[in-house]
Each structure stands twice: as C-alpha cells, then as structure tokens.
Colleague: 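Mind having a look at this structure? Questions to follow.
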Amino acid sequence: DIQMTQSPSSLSASVGDRVTITCRASQSIAKFLNWYQQKPGKAPRLLIYAASNLQSGVPSKFSGSGSGTDFTLTISSLQPEDFATYYCQQSYNTPPTFGQGTKVEIK
Amino acid sequence: ELQLLESGGGLVQPGGSLRLSCAASGLTFSSYAMSWVRQAPGKGLEWVSCISNRGDRTYYADSVKGRFTISRDNSKNTFFLQMNSLRAEDTAVYYCAKNPLPLIPAAPVYNWFDPWGQGTLVTVSS
C-alpha cells in the first residue's frame, strides 16, 4: 500500500494567515492526489482533486500543487470557517489511502 | 441536489453482524462506483470497500476482506455493506461516498470521494 504522510500533524494559525500543509507519498503518484476538509462531527468535503483542480463550489483561497511524491495544500488567507482537519488521499492504486490528517487550530 | 443517506449503524457484540445501507438521490446512480470509508473515534480516514456501477466488481481493504460484503440495488438507488464477524477494531463512523467513475481500473486513475453521506456509527462492544 502507498503510505501518505502529512506535515505538520497540527498547526496553530491566526485569521488572515497563509497556511501550507504538505503531503508526501511513499512512491511517485504523479498527480493522483486529492485533498479533503473535515469539521468536527461532519463528513469530509472534497476540496482539490488531481493535485491542483478546485472542486466546484470551493472558494479560490484553497489551492493545491505538486506531483510525484510531494504535494501542498495552501489556504491563502485563513478564515474562521477554515479551522478544521485536512486530509490528503492518493488514487494512484488500490487501496486508496489517506494521510493521517492535519488539524488547523486557532492561535 | 446530490444526497447520500446512510442507515443501519448501532451497537453490536463482537462476532456479530450488521448491514449498512446508503440511499442515493439526485444522480444517475447506476453510472457510478460507490464506496464505504470509515473513521474510528478520534482517528483518520480508512477506505473500506468499493463497488462498480453494475455491481460486477468489488474491492475491499485487507482489514475487512472475507468479513464484509458490498452490494448494490440500482433499481432502488441504494448500496449496502454487510458486516460479519465484527471486531472491536471495526468500531467507527462509516461514511458512504460516490466515486466519479463507473469502476476502478487497475491502472492509475483520477478517483476521489464526493459527496459523502453524514455517516452512521457502528460500535462493536460487549
């Protein structure tokens, strides 16, 4: 199975900050990488698919980049509604696997 | 609006069985593969199983293979997860989710989970 490792596991940030989350795959996965946001008690929500494509309805403050083994999710200006846990997920092969999550908390 | 609604969760003893259902609306259900993803309390996301649009191909995580069975009824826009020989480590919120493709080919493919249902809690405990 492909292992996905996110860093950091948690971070504290202020409203208005630019936040970057990293996801590393244990082998090259080209651009077969997706990002999700999950708020407490809620289902995950797809933000980015195929590494850099913004899902319909997702604000443009979210962006994704990367290919191969290293990927990033960036939130350009953190807002109160963005405090959540973020997960990456690879679809290069089966089983699809997720990173362990990055919890974004209020500083 | 595309919507997924799970049901069937609950408390079950170790070794017991449970059947989860996921009812879909707002989409051409028979065109898409569908998946189950679970989340143990306080933990991350784990993919469990996927079924192709016609139900002729199924995929399972090693952790559930031989114990769980995924199926679907396209006439009722519903798919299922039959869980047998349940263990404490199966305790989780189970989410159903839609895939963008009719199946998952062996080759690398752009595949994701969207949307997700609200989740149903399965607790395995004596």
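Chain letters run A, B, ... following the sequence lines, proteins first, then strands; residues in each count from 1.
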Colleague: Please classify the contact of A:Lys42 with chain B as side chain, backbone, both or neither, using a heavy-atom distance under 4.5 Å.
Modeller: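 Contact with chain B is through the backbone of A:Lys42 alone.
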Colleague: If you draw a 6.0 Å radius around NZ in A:Lys61, do more than 12 non-hydrogen atoms from other residues or ligands fall strictly inside?
Modeller: yes
Colleague: Quick check on A:Tyr92 against chain B: is it the side chain, the backbone, both or neither that has a heavy atom closer than 4.5 Å?
Modeller: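 When you check distances to chain B, atoms from both the backbone and side chain of A:Tyr92 fall under 4.5 Å.
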Colleague: Are B:Val122 and B:Leu4 connected, step by step, through hydrophobic side chains (Ile, Leu, Val, Met, Phe, Trp, Tyr) whose heavy atoms are closer than 4.5 Å?
Modeller: yes
Colleague: Do B:Gln39 and A:Gln38 have side-chain heavy atoms sitting under 4.5 Å apart?
Modeller: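 Answer yes - side chains close enough.
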Colleague: Side chain, backbone, both or neither: which part of A:Gln55 has a heavy atom under 4.5 Å from chain B?
Modeller: side chain
Colleague: Got more than 12 heavy atoms from elsewhere within 6.0 Å of NZ, B:Lys98?
Modeller: yes
Colleague: Taking every non-hydrogen pair under 4.5 Å, which of A:Pro95, A:Ala30, A:Pro44, A:Gly41 racks up the most with chain B?
Modeller: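 Ranked by contacts with chain B, first place is A:Pro44.
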Colleague: Is it true that, when you exclude A:Arg45 itself, more than 12 heavy atoms of the residues, nucleotides or ligands shown sit nearer than 6.0 Å to its CZ?
Modeller: yes
Colleague: Any heavy-atom pair between the side chains of A:Thr94 and B:Trp47 that's under 4.5 Å?
Modeller: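 They are in side-chain contact.
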Colleague: Start with the C-alpha gap between A:Tyr36 and B:Trp112, add the side-chain angles, then the distance that decides, and say whether ring-ring contact (aromatic ring centres under 6.0 Å, His included) holds.
Modeller: CA-CA 10 Å; A:Tyr36 301 85; B:Trp112 50 83; 9.4 Å; no
Colleague: Taking every non-hydrogen pair under 4.5 Å, which of A:Ala43, A:Ala50, A:Pro96 racks up the most with chain B?
Modeller: A:Pro96
Colleague: Please classify the contact of B:Ile104 with chain A as side chain, backbone, both or neither, using a heavy-atom distance under 4.5 Å.
Modeller: side chain
Colleague: Would a single hydrophobic cluster contain both B:Val12 and B:Leu121, if residues Ile, Leu, Val, Met, Phe, Trp and Tyr are joined by side-chain heavy-atom contacts under 4.5 Å?
Modeller: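 As far as the 4.5 Å side-chain criterion goes, B:Val12 and B:Leu121 are not connected within one cluster.
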Colleague: Do any N or O atoms from the side chain of A:Ser91 and from the backbone of B:Val109 form a donor-acceptor pair under 3.5 angstrom?
Modeller: yes
Colleague: Would you compute the distance between atom CG of B:Leu45 and atom OG1 of A:Thr97 and round it to the nearest 0.5 angstrom?
Modeller: 11.5 Å
Colleague: Show, in sequence, the C-alpha distance, side-chain angles and deciding distance for A:Phe98 and B:Val37, and conclude whether the side chain to side chain contact (heavy atoms under 4.5 Å, CB included) test is met.
Modeller: CA-CA 10 Å; A:Phe98 294 86; B:Val37 178; 4.1 Å; yes
Colleague: Below 4.5 Å from any heavy atom of chain A, which atoms of B:Tyr110 appear? Answer side chain, backbone, both or neither.
Modeller: both
Colleague: Is there side-chain contact between B:Phe113 and A:Asn34, with at least one heavy-atom pair below 4.5 Å?
Modeller: no
